[in-house]
Amino acid sequence: MAETVDTPTAILASAAASLREHTFDDISYRTLGDAVGVSERTIYRQFPTRSHLLESLAQWIEETEFPLPAFVTIPQFQSAVRERFVRFDASPAFAFVCARAASISPTGDSEPTFLTRTIEAMLQTSYPTLDARDLRRAAATLRYFSSAQFWARMRTGFDMGAPEIAEVFDRMVGQALGRLPSVTRTAN
């Protein structure tokens with residue numbers, strides 16, 4: 001039996017497929033509607049503006065193409081991000097859409113993402129004495145340096161590939177964590 005796909009997911013999958021041949025700006029609602037078999041009006045109902053479409057497409061791409069492997073420790077996080085940078089290099093059109101979406105004002109809820117909550121949990125374990133403000137700041141810093149937006153800036157601004165970007169990422173993580181209050185660990 002064939003698996004049914006909801007309309008928004010079908011639209012996002014079609015938009016992602018179109019990115020293999022066109023830029024995001026060249027993908028029209030009419031073309032998406034034709035590809036999915038729905039009216040252009042249906043596309044507008046699902047994604048009222050191009051910003052809504054861009055943000056949803058980037059989130060869908062992040063979840064399907066660039067998920068981070070599970071991590072609990074800071075070295076695991078760094079390893080997961082380095083792998084992600086390699087995947088960004090392999091699919092730059094997708095990575096640039098994710099980077100572009102990060103630079104627009106959010107159209108949806110401003111609830112912390114799963115990645116942000118995971119980074120915060122990792123930091124709480126490694127730095128249990130951090131207050132809430134410093135925890136949020138450190139998590140936001142690590143989130144940015146692990147993002148497609150950071151990758152895109154390094155790629156376009158400095159013509160770097162994944163290995164060089166990973167080196168910069170590792171240095172930035174070291175600097176960010178080096179500024180956190182040191183913790184004396186007790187044996188369990």
Side-chain angles (χ1 to χ4, degrees), residues 1-70 80-119 139-166 168-169:
M1 175 152 60
E3 183 180 326
T4 57
V5 176
D6 62 291
T7 301
T9 301
I11 294 166
L12 296 174
S14 178
S18 295
L19 285 174
R20 297 194 187 284
E21 297 178 18
H22 307 285
T23 67
F24 177 78
D25 291 332
D26 293 334
I27 300 171
S28 72
Y29 277 32
R30 179 180 306 259
T31 304
L32 285 176
D34 291 346
V36 176
V38 297
S39 70
E40 186 175 357
R41 184 175 179 180
T42 299
I43 306 291
Y44 275 104
R45 265 191 242 124
Q46 298 297 323
F47 306 102
T49 67
R50 300 233 358 124
S51 292
H52 286 93
L53 177 61
L54 177 63
E55 186 175 28
S56 296
L57 179 59
Q59 181 179 358
W60 188 82
I61 288 171
E62 290 264 356
E63 291 169 2
T64 60
E65 300 292 324
F66 306 128
L68 274 175
V81 171
R82 286 191 295 269
E83 289 176 29
R84 192 178 202 205
F85 289 158
V86 170
R87 289 195 312 269
F88 287 165
D89 273 2
S91 299
F94 285 172
F96 280 115
V97 164
C98 295
R100 181 174 173 187
S103 68
I104 64 170
S105 296
T107 59
D109 296 332
S110 60
E111 192 66 26
T113 65
F114 176 76
L115 177 58
T116 300
R117 290 191 310 270
T118 305
I119 292 171
T141 299
L142 295 182
R143 168 82 194 232
Y144 171 72
F145 287 118
S146 67
S147 72
Q149 190 175 28
F150 173 72
W151 171 88
R153 287 189 178 174
M154 296 294 104
R155 176 88 183 239
T156 59
F158 300 100
D159 197 27
M160 291 181 173
E164 296 103 346
I165 296 169
V168 174
F169 165 75

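Computed from heavy atoms alone, side chains included, the values below leave out hydrogens, waters and symmetry copies. Position 1 is the first residue of the sequence, and the numbers go up from there.
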**Request:** Answer yes or no: is there a side-chain heavy-atom contact under 4.5 Å between F24 and L57?
**Result:** yes
**Request:** Say whether, by atom type as modelled, one donor and one acceptor occur between the side chain of S56 and the main chain of H52 under 3.5 angstrom.
**Result:** yes
**Asked** Per the ring-ring contact (aromatic ring centres under 6.0 Å, His included) rule, which among F150, Y144, F145, F85 passes with F169?
**Response** F85
**Request:** Carefully, step by step, assess T42 and V36 under the rule side-chain contact (heavy atoms from CB on, under 4.5 Å).
**Result:** CA-CA 10 Å; T42 299; V36 176; over 6 Å; no
**Request:** Check A58 against V97 and note the closest heavy-atom contact, atom names and distance.
**Result:** CB-O, 4.1 Å
**Prompt:** Mind checking whether L12 and L53 have side chains closer than 4.5 Å, heavy atoms only?
**Reply:** yes
**Message:** With heavy-atom distances below 4.5 Å as the criterion, would you say the side chains of F47 and E55 are in contact?
**Reply:** no
**OG on S28 to CD1 on I43, rounded to 0.5 Å** = 9.5 Å
**Message:** Please give me the minimum heavy-atom distance between A148 and A99, naming the atom from each residue.
**Reply:** O-CB, 3.5 Å
**Atom pair CG (L54) and CD (Q59), whose distance is rounded to the nearest 0.5 Å** = 11.5 Å
Review item, side-chain donor-acceptor pairs of residues 87-94, under 3.5 Å, at least two apart:
residue	atom	partner	partner atom	Å
R87	NH2	P67	O	2.5
D89	OD1	W151	NE1	3.0
D89	OD1	R155	NH1	2.8
D89	OD2	A162	N	2.6

**Item:** side-chain contact (heavy atoms from CB on, under 4.5 Å) evaluation trace for F96 with T23
**Value:** CA-CA 10 Å; F96 280 115; T23 67; over 6 Å; no
**Prompt:** Is atom CG of D159 surrounded by more than 12 heavy atoms (other residues, nucleotides or ligands) closer than 6.0 Å?
**Reply:** no
**Prompt:** Would you say the side-chain atoms of E63 pair up with the backbone N or O of W60, donor to acceptor, closer than 3.5 Å?
**Reply:** no
**Prompt:** Among I119, T118, V81, which residue meets the side-chain contact (heavy atoms from CB on, under 4.5 Å) test with L68?
**Reply:** V81
**Request:** Can you measure from CG (L32) to CD1 (I27) and round to the nearest 0.5 angstrom?
**Result:** 6.5 Å
**Complete:** One should read off an interatomic distance between L142 CG and S147 OG, to the nearest 0.5 angstrom, of 11.5 Å
**Prompt:** Does CZ in R45 sit with more than 12 non-hydrogen atoms of other residues, nucleotides or ligands closer than 6.0 Å?
**Reply:** yes
**Asked** Is there a donor-acceptor pair under 3.5 Å between the side chain of S14 and the backbone N or O of A10?
**Response** no
**Closest non-hydrogen atom pair, T49 against Y29** = O-OH, 2.9 Å
